[in-house]
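In what follows, a structure is listed as structure tokens, so that the remarks can point back to it.
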Amino acid sequence: TAGVLAERVHVGKARVSEWLDGSEKPTLTEFRKIAKVLRRPTATFLLSSPPSLKTPRVEFRAMPGVLTREPLPEERERIREVTRLQRAVAWLLDELGEEGAALPAVRPSSNAASAAAQVRALVGVSVSQQLKWRSEHEALHGWREALESVGVLVFLLPMGAGSARGFSVWHDLVPVISANTHWRASARIFTLHHELGHLVTRTSSICSEPESRTIAAD
């Protein structure tokens with residue numbers, strides 16, 4: 001928003017309004033701060049029109065009793081970053097004639113146990129294999145490798161303590177899961193499985209939990 005931009009560039013909101021209506025122009029120093037805050041190349045602002053963006057609709061989901069909110073700037077940035085990579089990989093798969101992810105389509109009204117068994121069989125991680133993992137970090141690596149083997153792109157990205165635990169973006173060829181690296185490996189494993197649940201129902205979601213239930217990274 002204009003207010004957040006003004007705060008981060010260290011100017012008044014009225015100053016940002018003047019830039020937006022064209023009555024004033026930012027100084028060179030302000031211009032560089034704007035580009036840095038918005039994480040855009042300075043050349044972007046010299047284009048004749050804003051570049052078109054195909055940002056997916058990612059619905060914010062929270063536990064009962066937790067107020068919903070708009071995605072934070074850090075979350076929006078990571079969603080943009082991930083979807084750019086997702087589009088690039090989807091284009092490559094299409095050009096190479098490769099098949100996409102093999103995830104089953106599950107209805108929210110489906111029997112949970114049956115759906116879980118189907119997904120578990122596809123991912124193919126046995127209990128005995130899990131027991132061989134010597135640490136939560138090794139387990140995280142194992143689960144990530146298993147998901148990517150069935151065509152799910154998995155990203156571990158920093159989003160900060162105030163951001164969501166993770167998000168998922170559905171795509172027929174390249175579904176994506178991203179987990180917030182602020183939280184310890186065991187919490188990220190939970191996030192991978194939680195977001196996988198959204199992907200098999202063909203939904204794109206960003207999920208959060210009450211702060212009291214989160215555990216920061218070691």
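Only a predicted model underlies this, so the values are computations on that prediction, with no experimental measurement involved.
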**Asked** Ala2 and Leu20: which non-hydrogen atoms are nearest, and at how many Å?
**Response** CB-CD1, 4.3 Å
**Fill in**
Between Arg8 and Pro73, the two heavy atoms sitting closest are NH2-CG, 4.1 Å
**Request:** For the residue pair His198 and His194, categorise the inter-ring angle as parallel (less than 30°), tilted (30 to 60°) or perpendicular (more than 60°).
**Result:** perpendicular
**From Phe155 atom CZ to Asn180 atom CG, the distance as rounded to the nearest 0.5 Å** = 15.0 Å
**Prompt:** Looking only at heavy atoms, what is the nearest atom pair of Leu122 and Ala102, with distance?
**Reply:** CD2-O, 3.4 Å
**Request:** Check whether any side-chain heavy atom of Trp183 sits under 4.5 Å from a side-chain heavy atom of Thr191, and report yes or no.
**Result:** no
**Item:** Single-linkage hydrophobic cluster Phe45~Val9, side-chain heavy atoms < 4.5 angstrom
**Value:** yes
**Heavy-atom neighbours of Glu7 CD exceed 12 at 6.0 Å** = no
**Item:** Atom pair CZ/CG of Arg144 and Leu192 - distance to nearest 0.5 Å
**Value:** 8.5 Å
**Asked** Is it true that the side chains of Thr27 and Thr29 contain a donor and an acceptor less than 3.5 Å apart?
**Response** no
**Prompt:** If you draw a 6.0 Å radius around CD in Glu99, do more than 12 non-hydrogen atoms from other residues or ligands fall strictly inside?
**Reply:** no
**Prompt:** Does any non-hydrogen side-chain atom of Glu24 lie less than 4.5 Å from one of Arg15?
**Reply:** yes
**Message:** Would you compute the distance between atom CD of Glu195 and atom OG1 of Thr203 and round it to the nearest 0.5 angstrom?
**Reply:** 8.5 Å
**Message:** Starting from Val37, can I reach Leu72 by hopping between I/L/V/M/F/W/Y residues whose side chains sit under 4.5 Å apart?
**Reply:** no
**Item:** Reference residue Leu199; test side chain to side chain contact (heavy atoms under 4.5 Å, CB included); the match among Val152, Val176, Leu147, Val119
**Value:** Val152
**Prompt:** Taking atom CG of Leu156 and atom CD1 of Ile177, what is their separation to the nearest 0.5 Å?
**Reply:** 10.5 Å
**Complete:** d(Ser163 OG, Leu157 CG) to nearest 0.5 Å is 11.5 Å
**Message:** When you compare the side chain of Leu173 with that of Glu98, does any pair of heavy atoms fall below 4.5 Å?
**Reply:** no
**Complete:** Value for CD (Glu30) from NE2 (His10), rounded to nearest 0.5 Å, stands at 12.0 Å
**Fill in**
Shortest non-hydrogen pair, Arg184 vs Glu136, comes out as NH2-OE1, 3.0 Å
**Prompt:** Would a hydrophobic clustering, with Ile, Leu, Val, Met, Phe, Trp and Tyr connected at side-chain separations under 4.5 Å, put Leu85 with Ile79?
**Reply:** yes
**Item:** Heavy-atom closest contact (Ala179 atom, Arg188 atom, distance)
**Value:** CB-CG, 4.0 Å
**Message:** If hydrophobic clusters are built from ILVMFWY residues whose side chains come within less than 4.5 Å, do Leu140 and Val154 share one?
**Reply:** yes
**Request:** Using a strict cut-off of less than 4.0 Å between a Lys/Arg side-chain nitrogen and an Asp/Glu carboxylate oxygen, indicate whether Arg78 and Glu75 qualify as a salt bridge.
**Result:** no
**Message:** Just so I know, are the side chains of Leu103 and Leu196 near enough to count as touching, which here means a heavy-atom distance under 4.5 Å?
**Reply:** yes
**Prompt:** Do you know the tightest heavy-atom contact between Ser204 and Trp170?
**Reply:** OG-N, 2.9 Å
**Request:** Using the rule that two of Ile, Leu, Val, Met, Phe, Trp, Tyr join whenever any of their side-chain heavy atoms come within less than 4.5 Å, decide whether Leu28 and Ile34 are in one cluster.
**Result:** yes
**Asked** Does a sphere of radius 6.0 Å around CZ in Arg202 hold more than 12 heavy atoms from other residues, nucleotides or ligands, not counting ones at 6.0 Å or beyond?
**Response** yes
**Asked** Do Trp143 and His193 have their ring centres less than 6.0 Å from each other?
**Response** yes
